[in-house]
2 protein chains.
Amino acid sequence: MSQKIFVSAKEVAERAGVSRSAVSRTFTPGASVSKETRRRVMEAAEALGYHVNHLARGLMRNESGIVCLIVSEMDTPYRATLIRAISRHLQNASKIAMLINTDRSDASVDEALKLAISYRADASIVLSGMPDKSITDLCVKSGQRLVLINRDEERAGALMINLRDQEAARRAFIAFQRAGCRSFAFANSDVGTPSLMAREEGFCAAGREFGVDVTVERFGPTRYQSGVVLAQRLLTREVRPDAIFCVNDLLACGVMDTARHQFRLAVPDDLCVVGFDDIEQSSWSSYQLTTFAQPVDRIAEEAVSWLSQPMTDDGQFCRMTADLVWRKSVRGG
Amino acid sequence: MSQKIFVSAKEVAERAGVSRSAVSRTFTPGASVSKETRRRVMEAAEALGYHVNHLARGLMRNESGIVCLIVSEMDTPYRATLIRAISRHLQNASKIAMLINTDRSDASVDEALKLAISYRADASIVLSGMPDKSITDLCVKSGQRLVLINRDEERAGALMINLRDQEAARRAFIAFQRAGCRSFAFANSDVGTPSLMAREEGFCAAGREFGVDVTVERFGPTRYQSGVVLAQRLLTREVRPDAIFCVNDLLACGVMDTARHQFRLAVPDDLCVVGFDDIEQSSWSSYQLTTFAQPVDRIAEEAVSWLSQPMTDDGQFCRMTADLVWRKSVRGG
DNA sequence: CAAACCTTTGCACACGGTTGCAAGAGCGGG
DNA sequence: CCCGCTCTTGCAACCGTGTGCAAAGGTTTG
């Protein structure tokens, strides 16, 4: 590894003919520096290419400005969009995102949080997996903020942002009913995350409420290929469903494609489909998928703004509504 | 902002009844510590929840372990995939990704690099935009590594990873010709990034080589919606093209959807389409797009492995080939 | 048994900033 | 002219860690 030689405040001070403190004060908003001193410092800093060392500053101030994003499968459209929104809001709040990939295993979420502690991150935002309670307790005890998005399980001291999944699922059911559907199915992944299960339960509960049977099929991760498999299973059943609520859009795209190309079914005439997330692809003219929109920007805003609020000892819940975006994968609308 | 109170090596030392140096040595691979001391330190550290402060360590070692990824529109499929691959490789190399969003403006790339300097990042990887030479010079002078992916312009001391765009474009042309196409078009965005322009030039050059006219249309960013507009423009021309090479897959999806749904053309029978990137959506059965695959994983691997190699003064080029993935948007194959 | 050697350990300084404190400068009012 | 006030500035201590150096202790060798 080659030697790094960044310019330090000392060098700037020497060139400007002032003390190191003066340099520090020049770059500290609200500190007491005369106009003339500031000018000379800035000039020297400019000439030397000086930039405050955030590591050292973070060490002193006990505030690194770093916020860790803990994510797996970050190239998934919904996740990528959320990451983008959060990073934008963080930047507006003069903070910076550190990205930790937890693709390897579930245990790596714990590793990720330890890393966040090592870098003395001001906060961690968990988008995937669920960290062990002992770790989250350590975070909170150390004064690190913690945000859990769509994780559902409770953690003391953390902000938990969730959607009203069950309510949305019920709305999907009613939409299908209004479209005149008779045979209902739910296409789920088999990962069993609480928020995904809540959608399933909400849909089944609506079925019971209206006295209608709901077929449930679960397979694979929440991806396109799982949708393909699920469609193959559901559409070869004795009574073929004419309404499928998919646990997310990616999977719904797989379902739609398979229904159309492999089973020669017309959407929405032969089969109605509703998804969840409202990823960009859902609006493409091949899909025109009716789906529930995750309020991505509001989630990001809420998470980031909470970071600068005073800390409370117990956790805090934030439930948001996913609005139904009507397109063309359900009749009527 | 609430006070953070992380446990320090001093506290661990006190509890374990050793000096602070012993604690530091315990967590420094290769340092000289007796088995017994290490055991007692580890025990105390475990009990207190101690984690080495990477800010302080980075300050001392002059090596933060941080690598900045500078990206705009990071929710784009290709970008998101690349980010994921890089973050995975970085993690394997015991480094960590810092994500800097440059959506705002081109100047923000410079701001991003300054931020990277402030955090004393070991390296910066630029995926979007082109930083000013004065900034990249400062980076290199400071001993920070710099990787430019698909940026094309040269910068001293940096690693530049590019694809053989022109060669790929020529291959696309030949594929169209073999499929019996007569009227060729290139659908480009109007952002004019060198690598995008290279694809256009390569395609046009092939046209000249074979004595065939090539229609070029440029519009908007490299996104789906631009593809929609470009298809509308191209397919209403007096001589309708029966072969369109799209500057990237996202745009190609827009072109295909518009050709099929708005112009009722069959792909590949009435119109052949080739894209670039090989994003996941290209393999979906609605598209089955023939396209050039970016060697995402190899790019990530190359970039990360270069970071741990000794520094050379002048820049280094790395040109990779984008392989053609045959699917069903071109006849024959 | 002494000398030479190796391992382990603590001290003290360094890294690059921030900040409380006190001293100095400048200035107006009585 | 002196007192008191405000503004500015340098000194020095501190944040949490790594590491060269020397001393201490233990072990091997002759």
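Below, chains carry the letters A, B, ... as their sequence lines are ordered, and counting in each starts from 1. As the structure is a computational prediction, the values presented were derived from the model and not from experiment.
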Between the protein and nucleotides 19-25 of chain C, list every N/O to N/O distance that falls short of 3.5 Å.
unit_1 : atom_1 : unit_2 : atom_2 : d
C:dT19 : O4     : A:S21  : OG     : 3.4

Please tell me if A:S32 has a side-chain N or O lying less than 4.0 Å from either OP1 or OP2 of D:dT8. yes
Given atom CG of A:L55 and atom P of C:dT18, what is their separation to the nearest angstrom? 12 Å
Does B:S19 make a side-chain N or O approach to OP1 or OP2 of C:dC11 shorter than 4.0 Å? no
Picking from D:dC15, C:dT18, D:dT9, the nucleotide nearest the side-chain atoms of A:R57 would be C:dT18
Point-to-point distance, once rounded to the nearest 0.5 Å, from CE of A:M98 to CG of B:L99: 11.0 Å
Rounded off to whole Å, could you give me the CZ-to-C1' distance for the A:F6 and C:dA14 pair? 18 Å
Gap between atoms CD and P, on A:E36 and D:dT8 respectively (whole Å): 12 Å
Can you find a side chain N or O atom of A:Y119 that sits less than 4.0 Å from OP1 or OP2 on D:dG16? no
Using a 4.0 Å heavy-atom cut-off, does A:R38 contact any base of the nucleic acid, only the sugar-phosphate backbone, or nothing at all? nothing
Nearest listed nucleotide, side chain of B:Y50, among D:dG10, D:dT17, C:dT8: D:dT17
Between A:N101 and B:Q91, is there a side-chain donor-acceptor contact under 3.5 Å, judged purely by atom types and distance? no
Between the side chains of B:E11 and B:Y50, does any donor sit under 3.5 Å from an acceptor? no
Spacing of A:I117 atom CD1 relative to D:dT17 atom C1', expressed in whole Å: 18 Å
Length of the line joining B:K4:NZ and D:dC15:C1', which is rounded to integer Å: 13 Å
Just how far, in rounded Å, is C1' of D:dT17 from CD of B:E11? 14 Å
A:D137 bridged to A:K141 by N-O distance under 4.0 Å: no
Is there a donor-acceptor pair under 3.5 Å between the side chain of B:R151 and the backbone N or O of B:G129? yes
May I ask you to test the A:D122-A:E63 pair for a side-chain heavy-atom distance under 4.5 Å? yes
For the pair made of CG in B:N62 and P in D:dT19, what is the distance, rounded to whole Å? 11 Å
When rounded to whole Å, the CZ to C1' distance for the pair B:R40 and C:dT8 reads 13 Å
Assign each of B:A22 and B:L59 the nucleotide of DNA chain C bearing its closest heavy atom; nearer the 5' end lies the nucleotide of B:A22
Can you pull the side-chain hydrogen bond (donor to acceptor under 3.5 Å, both in side chains) pairs that have at least one residue in residues 19-34 of chain A, sequence neighbours excluded? A:S34-A:T37
Mind checking if B:V33 touches a base, just sugar-phosphate, or nothing, with heavy atoms under 4.0 Å? sugar-phosphate
